[in-house]
Amino acid sequence: MKVATFNINGIKARINALPQWLDEAQPDVALLQEIKSVDEAFPREIFEDRGYQVETHGQKSFNGVAILSKLPLEDVTRGLPGDAEDEQARWIEATVMGDTAIRVCGLYLPNGNPCPGPKYDYKLSWMERLHARAQELLSAEEPFLMAGDYNIIPQDEDARSPEVWQEDALARPESRAAFRRLMNLGFTEAFRARTQGPEHYSFWDYQAGAWNRDNGIRIDHFLLSPQCADLLLDCQIDKEIRGREKPSDHVPVWVDLAV
DNA sequence: ATGTCCTCACTATGAGGA
């Protein structure tokens, strides 16, 4: 089973590029971030026509996550638990009903800039809620994964120019520590389980010729529960997508699971 | 680390977010 994550940076702007990638990559499940659309305006027919079940958790203008799945989805839930006041659409869960049922969580973790400031505080508190939800899910001792735009550069090797990011919310020590605490619950970061070394990125800024200079960062991640990590066959970054017509600033990352 | 892109607003430039 192939599961992908892709921050599309707006469904309207990616109305051609996203279906084209789906047709080529043929993921069984696609976790989308930054759909920037309310649920009613999401063009679900485009994906239903391709055999995907479509579940969205959108909001106007900003954020918004979705799950596309060729396998049936059950128990879809929307919103990260832990703060009834939080209006931002950044979390969606569903159980993918293949031969082995797998709980998938799609997430768009807050950017957190500028830092320090309220946005950084929100990022860190959101990560505490993520930690709590992860603990709950781990206690079931079943295969599950949490994937999406984490807005975290885990280590210096995950940036072309780490010195530039030192004071940024994506790389600040508190951000990295929160990500490590999450990992230390027992997750496997799928990409690093298979590929070591620098020069692997999932985001290149639109500005300053970042793509042409390969000035990227790796911020889109798959965290696998122990039972899910046992199923991991492969994890790759579809880098080539960034060089296409009207691309997102992120590219898809995917895992192949022995399911 | 700004040479851009995306969305929305009391429509066509500016604000806010990344």
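The figures that follow rest on heavy atoms only: side chains count, while hydrogens, waters and symmetry mates do not. A, B, ... follow the sequence lines: proteins, then strands. Residue 1 opens every chain. Only a predicted model underlies this, so the values are computations on that prediction, with no experimental measurement involved.
A:Asn63 places its CG atom 14 Å from the C1' atom of B:dC8, with the value rounded to the nearest Å. Remark: P of B:dC5 and CG of A:Asn7 are 16 Å apart, rounded to the nearest angstrom. Spacing between atom CG of A:Asp168 and atom P of B:dG17 amounts to 16 Å, rounded to whole angstrom units. In this structure, the CD atom of A:Gln88 is 11 Å from the C1' atom of B:dG17, given to the nearest Å. The OH atom of A:Tyr108 sits 6 Å away from the C1' atom of B:dA18 (whole-angstrom rounding). In this structure, A:Asp205 places its CG atom 8 Å from C1' of B:dA18, rounding to the nearest Å. A:Tyr206 has its OH atom 9 Å from the P atom of B:dT7, to the nearest Å. In this structure, CZ of A:Phe62 is placed 11 Å from C1' of B:dA9, rounded to the nearest angstrom.
Residue contacts for A:Ala13: at a heavy-atom cut-off of 4.0 Å it reaches the sugar-phosphate backbone alone, with no base atom in range. In this structure, A:Phe203 reaches neither bases nor backbone, as no heavy-atom distance under 4.0 Å exists between it and the strands shown. Using a 4.0 Å heavy-atom distance criterion, A:Arg14 is classed as a sugar-phosphate-only contact.
In this structure, A:Glu163 places its CD atom where more than 12 heavy-atom neighbours from other residues, nucleotides or ligands lie under 6.0 Å away. The 12-atom threshold is exceeded at CD of A:Glu24, counting heavy atoms of other residues, nucleotides or ligands nearer than 6.0 Å.
Note on A:Lys36: every side-chain N or O is 4.0 Å or more away from OP1 and OP2 of B:dC8. Between A:Lys246 and B:dC6 there is a side-chain N or O to OP1 or OP2 distance below 4.0 Å.
Closest to the side chain of A:Lys60, from the set B:dC6, B:dA18, B:dC8, is B:dC8. With B:dA9, B:dT7, B:dA18 as the choices, the nucleotide that has an atom nearest any side-chain atom of A:Arg90 turns out to be B:dA18. Relative to the side chain of A:Ser61, the nucleotides B:dT7, B:dG3, B:dC6 differ in distance, and B:dT7 lies closest. Closest to the side chain of A:Asn111, out of B:dG3, B:dA18, B:dC6, is B:dA18. Distance from the side chain of A:Gln207 is smallest to B:dT2 among B:dC6, B:dA9, B:dT2.
B:dC10 sits 15 Å from B:dA15 when the C1' atoms are compared, rounded to a whole Å. Between B:dC6 and B:dA12, the distance separating the two C1' atoms is 16 Å to the nearest Å. Spacing between B:dT7 and B:dT11 at atom C1', rounded to whole Å, works out to 14 Å.
A:Ile92 places a side-chain heavy atom less than 4.5 Å from the side chain of A:Glu55.
Nearest-nucleotide assignment on DNA chain B puts the 5′-proximal partner with A:Arg213, out of A:Gly10 and A:Arg213. Between A:Asn215 and A:Asp149, the residue whose closest nucleotide on DNA chain B is further toward the 5' end is A:Asn215.
In this structure, a donor-acceptor pair under 3.5 Å is present between the side chains of A:Asp168 and A:Asn113.
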Discussion item. Walk me through whether A:Ser225 and A:Glu142 qualify under side chain to side chain donor-acceptor pair (under 3.5 Å).
Written reply: CA-CA 8 Å; A:Ser225 77; A:Glu142 284 168 5; over 6 Å; no
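Electrostatic pairing of A:Arg176 and A:Asp156 counts as a salt bridge here, judged by a charged N lying under 4.0 Å from a carboxylate O.
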